[in-house]
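Per chain, numbering begins at 1; letters A, B, ... match sequence-line order.
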Amino acid sequence: MRSDPFRTRVLAIVRAVPRGRLVTYGQVALLAGKRHGAREVGWIAHAGGEGIPWQRVVNRFGGLAAGFTGGREGHRMALRREGVRVGVDDRVDLGRYLWWPDARTRRRLGLGPGTNVCWEGNL
DNA sequence: ATCTTGACTTGCC
DNA sequence: CGGCAAGCCAAGA
């Protein structure tokens, strides 16, 4: 588990997310190599990884996670502190904050070049 | 080993 | 982004 390559990649990716930017579970799963591993990403997040900015990982609606440590309150506060505007319905503007690693970062993380997706127009 | 759950996503209505 | 079903993958009972 600890030596699981998928898990290792997930941690590396989340760590690479800049302050004030966001990624989604499905996105991370895809980058890490599992097309439908979104749930597993969530599981990994809950399982461990201290020092990992999990608050920058949200679901595909830009909504806050269901069981974030400290509850949605804590999640919301953590995001606001990074400059992310969180709506009253606990949702953020993904079109504005969603982040994708640049080519250099992908190479550093050991991600394949074919991991480009068209998430631009969703929502 | 099977069954249930879950910090998810997508498709269809 | 209203609701519901299916898909996928791993952990826990």
Between atom [atom1] in [X] and atom [atom2] in [N], what is the gap in whole Å?
X	N	atom1	atom2	value
W43(A)	dT9(B)	CH2	P	17 Å
E40(A)	dC8(B)	CD	P	14 Å
H36(A)	dG11(B)	NE2	P	8 Å
D89(A)	dG2(C)	CG	C1'	14 Å
F68(A)	dC8(B)	CZ	P	13 Å
H46(A)	dA7(B)	NE2	P	8 Å

key: side-chain N/O K34(A) vs dC8(B) OP1/OP2, d < 4.0 Å   = no
key: Phosphate contact (dT10(B) OP1 or OP2) by R60(A) side-chain N/O below 4.0 Å   =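 Yes.
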query = Per the atom types in the model, does the base of dG7(C) pair as donor or acceptor with the side chain of R35(A) at under 3.5 Å?
reply =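 Looking at the base of dG7(C), it does not pair with any donor or acceptor on the side chain of R35(A) (distance under 3.5 Å).
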Pairwise side-chain contact, Y97(A) with R85(A), heavy-atom cut-off 4.5 Å (strictly under) =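 A side-chain contact exists here, since the closest heavy-atom pair is under 4.5 Å.
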ask   = Any side-chain heavy atom of Q27(A) within less than 4.5 Å of one from L98(A)?
value = yes
task = Could you work out the separation of dA7(B) and dG2(C) based on their C1' atoms and round it to a whole Å?
result = 23 Å
L31(A), V23(A), V17(A) screened by side chain to side chain contact (heavy atoms under 4.5 Å, CB included) with P101(A), the one that passes =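 The single option meeting the side chain to side chain contact (heavy atoms under 4.5 Å, CB included) with P101(A) is L31(A).
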task = Tell me what R91(A) touches on the nucleic acid: a base, only sugar-phosphate, or nothing, going by heavy atoms under 4.0 Å.
result =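 If one applies the 4.0 Å heavy-atom cut-off, R91(A) turns out to touch the sugar-phosphate alone, with no base involved.
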